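Contents: one structure, followed by commentary.
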Amino acid sequence: MNFNRILFLVSLGSSLILPFFLYRHWTVATWFDAVFLVGLLLIIVYFVMLLIEGQFFSAFLKSTRNFFAKVNKKDQLIRESEKRAVESVEYQHHFPNQKAFLQIGLIYCIGGLLISSALYYLN
């Protein structure tokens, strides 16, 4: 089995169990709400992986470290006397199956939203 199928089946299984934790009972409407929530969670995971891969947090850490190095005069004097620079933080990671989270998350979100809306407006 490839990663897309495993992710799809695990997400589907978790959406079957999630209504028991959220609503204490299982109905078709609560299951489609859980499908939407699982899809939303998968989309959030995709965007967090995108931020990590784009080194957003590394740039944030580097800029805050530079800011506090300039503000703190004592550390600045120690660094100048020892002739050392501010240590740079580099963290780079590549996620191989990143698009699977977005694709399956969009399928679950749109499917859950459409079916939940249809059930709501048809009742």
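In this text, all values refer to a predicted model and were calculated from it rather than measured experimentally. Just so it is clear, the values below take in all heavy atoms, side chains as well, and ignore hydrogens, waters and symmetry mates.
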So how far is it from I44 CD1 to L40 CG, rounded to the nearest 0.5 Å?
4.5 Å
Shared hydrophobic cluster for I6 and I104 (ILVMFWY, side-chain gaps under 4.5 Å):
yes
Determine whether I110 and L113 fall in the same hydrophobic cluster, where Ile, Leu, Val, Met, Phe, Trp and Tyr are linked whenever their side-chain heavy atoms lie under 4.5 Å apart.
no
Using residues 15-30 as the side-chain source, report each donor-acceptor pair under 3.5 Å to any protein atom, sequence neighbours left out, with the distance given to one decimal.
residue	atom	partner	partner atom	Å
S15	OG	L12	O	2.7
S15	OG	W31	NE1	3.3
R24	NH1	F21	O	3.4
H25	ND1	Y23	O	2.8
W26	NE1	L16	O	3.4
T27	OG1	T30	N	3.2
T27	OG1	T30	OG1	3.1
T30	OG1	T27	N	2.9
T30	OG1	T27	O	2.9

Restricting to side chain to side chain contact (heavy atoms under 4.5 Å, CB included), what partner residues turn up for Y46, sequence neighbours left out?
L50, Q98, F101, L102
Please report the shortest heavy-atom distance between F32 and S116, naming the atom on each side.
CB-OG, 3.4 Å
Which atom names give the shortest non-hydrogen contact between I43 and L106, and what distance separates them?
CD1-CD2, 3.8 Å
Quick one: pull up CG in L119 and CG in L114 and give me the separation to the nearest 0.5 Å.
11.0 Å
How long is the span from the CG atom in N4 to the NZ atom in K99, to the nearest 0.5 Å?
12.0 Å
For residues V38 and S14, report the shortest heavy-atom separation together with the two atoms involved.
CG2-OG, 3.9 Å
Answer whether the closest heavy-atom distance between the side chains of L42 and L7 falls below 4.5 Å.
yes
In terms of hydrophobic clusters joined by side-chain contacts under 4.5 Å, are V10 and I107 together?
yes
